[in-house]
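Numbers restart at 1 for each chain; the letters A, B, ... are given by sequence-line order, proteins then strands. Please read these numbers as outputs of a predicted model, since none were measured by experiment.
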Number of protein chains: 4
Amino acid sequence: MTLDIGVLGYRFMGKAHANALARLPMFFPDAPDVNRHVLIGRNETALESAADQLGFSHTATEWADVLSDIDVLYNLGPNHVHVEPSIAALEAGVSVFCEKPLAPTLSAAKRMAEAARESNAIAGIAFNYRYLPAVQYARQRIMSGDLGEIHHVRARYLQDWLVDPDAPWSWRLSEEMAGSGSLGDLGAHSIDLARFLLGDAGQIDRVSGQLRTFVDERPVDTEGEQTRPVTVDDAYSAQVTFASGAMGTFEASRFATGHENDNTIEINGSAGSLRFSLERLNELELLEPGDRGFQTIMITDPDDPYIDHWWPPGHTIGWEHTFVHENYEFLKSVQNNTGYTPSFADGLAVQRVLDAIEESDERGEWIEIG
Amino acid sequence: MTLDIGVLGYRFMGKAHANALARLPMFFPDAPDVNRHVLIGRNETALESAADQLGFSHTATEWADVLSDIDVLYNLGPNHVHVEPSIAALEAGVSVFCEKPLAPTLSAAKRMAEAARESNAIAGIAFNYRYLPAVQYARQRIMSGDLGEIHHVRARYLQDWLVDPDAPWSWRLSEEMAGSGSLGDLGAHSIDLARFLLGDAGQIDRVSGQLRTFVDERPVDTEGEQTRPVTVDDAYSAQVTFASGAMGTFEASRFATGHENDNTIEINGSAGSLRFSLERLNELELLEPGDRGFQTIMITDPDDPYIDHWWPPGHTIGWEHTFVHENYEFLKSVQNNTGYTPSFADGLAVQRVLDAIEESDERGEWIEIG
Amino acid sequence: MTLDIGVLGYRFMGKAHANALARLPMFFPDAPDVNRHVLIGRNETALESAADQLGFSHTATEWADVLSDIDVLYNLGPNHVHVEPSIAALEAGVSVFCEKPLAPTLSAAKRMAEAARESNAIAGIAFNYRYLPAVQYARQRIMSGDLGEIHHVRARYLQDWLVDPDAPWSWRLSEEMAGSGSLGDLGAHSIDLARFLLGDAGQIDRVSGQLRTFVDERPVDTEGEQTRPVTVDDAYSAQVTFASGAMGTFEASRFATGHENDNTIEINGSAGSLRFSLERLNELELLEPGDRGFQTIMITDPDDPYIDHWWPPGHTIGWEHTFVHENYEFLKSVQNNTGYTPSFADGLAVQRVLDAIEESDERGEWIEIG
Amino acid sequence: MTLDIGVLGYRFMGKAHANALARLPMFFPDAPDVNRHVLIGRNETALESAADQLGFSHTATEWADVLSDIDVLYNLGPNHVHVEPSIAALEAGVSVFCEKPLAPTLSAAKRMAEAARESNAIAGIAFNYRYLPAVQYARQRIMSGDLGEIHHVRARYLQDWLVDPDAPWSWRLSEEMAGSGSLGDLGAHSIDLARFLLGDAGQIDRVSGQLRTFVDERPVDTEGEQTRPVTVDDAYSAQVTFASGAMGTFEASRFATGHENDNTIEINGSAGSLRFSLERLNELELLEPGDRGFQTIMITDPDDPYIDHWWPPGHTIGWEHTFVHENYEFLKSVQNNTGYTPSFADGLAVQRVLDAIEESDERGEWIEIG
């Protein structure tokens, strides 16, 4: 069986997933065969060029037109485009792999999760950082109980690409199109990572949040306009209480000068601790019982998650490899018609937290997550 | 003129300050002459032994008895002992150097600050980390404007000495004696550090806080008791808004496995950033305009604050040196009868934030600081 | 024009180069079209399977049989196989891309360089670490003169895969097949890196070396044998003098417990310094005039070498990307029939240093490099 | 019994040792009582001022005049002054604590060691870095056998205070006064550290060395002269073979831009490894059996060497504390008339290595150490 794939979105995420699909045969020979069938977008010229470069045999400007031709829809568009195509695809029995955050609003996310629940097709959300070998190894260490009872989660995702007030406006800065800013784009990753690493103990019960927009309009080069308003947050912070009793602190910013893509998480348990940073994604800092300090470990051994598919110890992988791993797992789920995690339900669970953080910011008080 | 010093407290802080006093003549020859006159405490045997070791000529078990014999009272007792002796000393015209936090409660702190305001004597609070060369250098860089407008403050103070549930009870775990736990002991340092580094921009307008006690009773070896209740926080977190518009996140814990005395702060400005960690106190990480990454700088050059008193470049100082610097500055203020900062007013300002964090935790909402 | 490629070797290096070839169209659209025509090896079964996975249309067990079918021969076999096929290919006008070190002996290397000189085809040696963005950026900084006159080069390449005395024998441990051990395998990289980074100033005039074999026989699982002798070095060190007057120290080991693939180089100039480590290959530590400490820089900006082909700032690449870059450059040279560096002459220059280090070890004295 | 101390030298080392003596009573109450009796130097004005600041009751311009007044002579003068006063003191039954390296020449060092052997007084050499808690802890780990058989020692001591060609001339740059440059000043520390950490296995059998002077004259501000020649090395490197079979590489420089006082050593054993850097002297990086990476450990626990005398965990000490520890141990040896290490014999053993490195540099060949 060859899976026919349609991909909506041909820029950053389109390239990341197309690359993943292209690399599966050489590195994951047991992955399903895939056919990069159709690339979907609005600008025909750019689309043709992208399809050529990314190896798609067809293009389409209307997603609805191609649902009957494909087995899987990759929904990689701006957040506001996640909703209708994903629901329609699932209703048509087409599996959906959707970028994060699930939706721009909680109500849309609920509709998407509902559609996934009612469909026989597979619906996955592309929280790719779950597929870092170091992150999976970290989860194993926590799940084993060796780190003891978890007391603290400390996650932040820092970037600095908006610190220049003349950095241009984009859809990511529009509430209508993106839902939120650093919160949905970066915070969604942090919250999912905490949920993944802690397993059942990662359920968040209540949150207190703060959002901030430092620069409230930015230049555009569209004719007739000088600037457009920034209607999302440049940065957020949050405090949370986990169901297990652990405390969590979360933060993200696009104004953190000196940080390009600094997605870090630290977890302190009663018997051990660990730290991870995306900018050094082949490493994990781990303190196990009996250790006096954090070990700095290269997670590049053949026994480490996914590493036997790649290179010998110490020969590092890059950011893009997370996409290969998640595509492999997602497509196997599609082929075998088995459940995939993170699912739309996971995406919805994250969205509930995002929504509660926004609500907390507006109301100035803690919000319980129902 | 020789200043006669009385020191209340002869354990950890007593030793730290006695050492500082002893080292002044060799390293700060222009410091006032001091006489380690009297050591004050309750246990006569321990007190005699400590006075002998720490170089005090007299001992006293009642602080009130010696106020007339001394020029300066060092109040290094448990937090609940900060109040009455400090006020009495100031009313008697005796200068007071008081450990942090200023008091166990906001109302007590207000009384102390009032006493300081009405006294001609000098009242200082021993926020010793202001006197780290790296911290003073960091403040200079921020005050110069080179880092631009400050957007983010990120401070945490992590320890792990309570993670063992069998770690014994002490006065630091009693609300009555300590006021609060990690919040007052560690958080007070973080908040003062932010205020010091940012100057006027460091005023905190509103806070949202969370306190947590993970282990609520601990063993004692006193006869007739097995355990005593822990009535303070093991950990806290807080989000704040500065008057300048910057966002801040604060956290401290005594349950952060793998961190012994990890007092860190990071500040992101529109044109630069810096990071500091107490466990590497001779270093500062600094990103200045034009830099592509954080510089890791040894703050051990002769031009760096206080370093010309010590050793050549790269010959590091230790934690205790902060006490030498602050004693030098405080005693010069006493000698010259000039204002000292951090003053009791600074201590009160920090206490207002501590109090607001506690109130926020209780009420589950943001608290404005009047 | 499509280049027909024949690849000799289908294990580690075969996979690394096949992957590079497969990725060019998506990430380097202006690269020549290539046809993975034939995979060459001895074990037919393993070869078929590898050809299938790595995307080759044909296989061959005799390299001589296919020279007429290909435009380029990738010679990725054990070192002793580098010699004859490369020479024959060059004589047949087939371009050759040969893994490092150039040859097991200096005399063989001379023959290969001679063949390259006399051929109209392109001959390149696969010193892939020249193609790290951080390394190319480092070279730019040195070549600009901003770091001043270079005084020190400090290079080491540490691994630990042989520290277990029961680690099995392989061809890499045979003098006949490999020429040398850590010296040729790891030291060749260090020496080439120094030559590349320093440019003309990187010429090495004299060396003093030390080689050591810690474990002199190792188990094999071949029938009829229990162990085979280790006839190469487990570790080497060397001191060198550069023509420019700079001093260099070099070292490699397969017994450096705790180091998996730790290829580091530090260069100190009169006006600045830099440091690089392969285990953190997206980073460069750089001290420029005016800096007080090393900046830790992510070399992942669009302006950095090759990065515009990949991902946004902070989205790291991996070890394998060096192969994509070098394949791109090598194949462009083949297509345009222009000179490629590192050439066989570069490979020979490195080999002269390797040989001099061995001779120095044998004779116990410094060796001038003619 | 109170020990009367005479100190020859009142600058950098004079201050470091005077401070150590002054701190003993408070932190090492069981240390012998000492009387800072006489400070010895040539410039009477500077001497008076120094004696006042450093707490000496007398001064002398001729060391010979005071030998009968003292129990211990601290010989902290330039290296060429180490010889005669130390020998005379030992012959007079006065214990001697001499700064490193032992002497400017091997023959002088032999005479000093001979004098020590024949004297009933105690002779110690001030290799202070043996008294770092992290170094002592490291030695314990190696001596326990837990790191297995040692294969590699990698030591370097990098400074940059001479990289400016206009940095002024000093006695440290004169062969007559200092013996050698970076070799004796910095290399002596590295070699002693290797010997200390490895114990019996640390005996060096043969060496190959390289010395270099990058700037061969430097300005003086003495009248009638513009510059003086630099007659010692600015940098050295060495390869060594230990009696145990381990390999060692050593290097020091005063031209290593970006390094202020960077004394590092790494040791790789068959079962573990460790790393230490003087610029982070409270830390040790340790890889023990079972670990996957180096632990970064704060050596500041009460069980760690000397730490119970100082502060709680994580409250770091500084460079100067090494002097307190070594003074404590040396003076106890004097009081109890027991052997002290490092002794003059240790100083001589180091000097043999220094001398062999110089001879190797001159002759261009390996030198066996008799």
*Can you list the steps and then say if B/Val7 with B/Ile40 is a side-chain contact (heavy atoms from CB on, under 4.5 Å)?*
CA-CA 6 Å; B/Val7 171; B/Ile40 309 162; over 6 Å; no
Quiz prompt | Partners meeting ring-ring contact (aromatic ring centres under 6.0 Å, His included) with B/Phe56 (sequence neighbours left out) | solution =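 So B/Phe56 forms no ring-ring contact (aromatic ring centres under 6.0 Å, His included) with any residue.
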Discussion item. Is there a side-chain contact (heavy atoms from CB on, under 4.5 Å) between D/Leu8 and D/Leu76? Walk through the geometry before answering.
Written reply: CA-CA 6 Å; D/Leu8 191 168; D/Leu76 316 177; 5.9 Å; no
Full working for side-chain contact (heavy atoms from CB on, under 4.5 Å) between B/Phe276 and B/Leu132: CA-CA 10 Å; B/Phe276 172 78; B/Leu132 285 156; 3.5 Å; yes
**Request:** Measure distances from D/Leu281 to the heavy atoms of chain B and classify the residue's part below 4.5 Å as side chain, backbone, both or neither.
**Result:**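 For D/Leu281, the side chain is the part near chain B, not the backbone.
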For D/Pro313, which atoms come within 4.5 Å of any heavy atom of chain B: side chain, backbone, both, or neither?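 For D/Pro313, heavy atoms of backbone and side chain both lie under 4.5 Å from chain B.
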Nearest-0.5 Å distance that lies between atom CG in B/Leu3 and atom CG in B/Leu331 |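 The distance works out to 6.0 Å.
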Intermediate values then yes/no, side-chain contact (heavy atoms from CB on, under 4.5 Å), D/Leu287 and D/Leu274: CA-CA 6 Å; D/Leu287 183 143; D/Leu274 56 80; over 6 Å; no
Find out whether D/Leu162 and D/Val215 are in side-chain contact, i.e. whether some heavy atom of one side chain is under 4.5 Å from a heavy atom of the other.
->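 No, every pair of side-chain atoms sits at 4.5 Å or beyond.
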Return one line per donor-acceptor pair between chain B and chain D under 3.5 Å, naming both atoms and the distance rounded to 0.1 Å.
from	atom 1	to	atom 2	distance (Å)
B/Lys15	NZ	D/His309	O	3.0
B/Lys15	NZ	D/Trp310	O	3.3
B/Asn19	OD1	D/Arg23	NH2	3.3
B/Arg23	NH1	D/Glu320	OE2	2.9
B/Arg23	NH2	D/Asn19	OD1	3.3
B/Arg23	NH2	D/Glu320	OE2	2.1
B/Met26	O	D/Gln53	NE2	2.4
B/Gln53	NE2	D/Met26	O	2.4
B/Glu260	OE1	D/Thr300	OG1	3.0
B/Glu260	OE1	D/Gly314	N	3.3
B/Asn261	ND2	D/Gly314	O	3.3
B/Asn261	ND2	D/His315	NE2	3.3
B/Arg280	NE	D/Glu283	OE2	2.7
B/Arg280	NH2	D/Glu283	OE1	2.9
B/Glu283	OE1	D/Arg280	NH2	2.9
B/Glu283	OE2	D/Arg280	NE	2.7
B/Thr300	OG1	D/Glu260	OE1	3.0
B/His309	O	D/Lys15	NZ	3.0
B/Trp310	O	D/Lys15	NZ	3.3
B/Trp311	NE1	D/Glu320	OE1	2.7
B/Gly314	N	D/Glu260	OE1	3.3
B/Gly314	O	D/Asn261	ND2	3.4
B/His315	NE2	D/Asn261	ND2	3.3
B/Thr316	O	D/Trp319	N	2.8
B/Trp319	N	D/Thr316	O	2.8
B/Glu320	OE1	D/Trp311	NE1	2.7
B/Glu320	OE1	D/His321	NE2	2.9
B/Glu320	OE2	D/Arg23	NH1	2.9
B/Glu320	OE2	D/Arg23	NH2	2.1
B/Glu320	OE2	D/His321	NE2	3.4
B/His321	NE2	D/Glu320	OE1	2.9
B/His321	NE2	D/Glu320	OE2	3.4

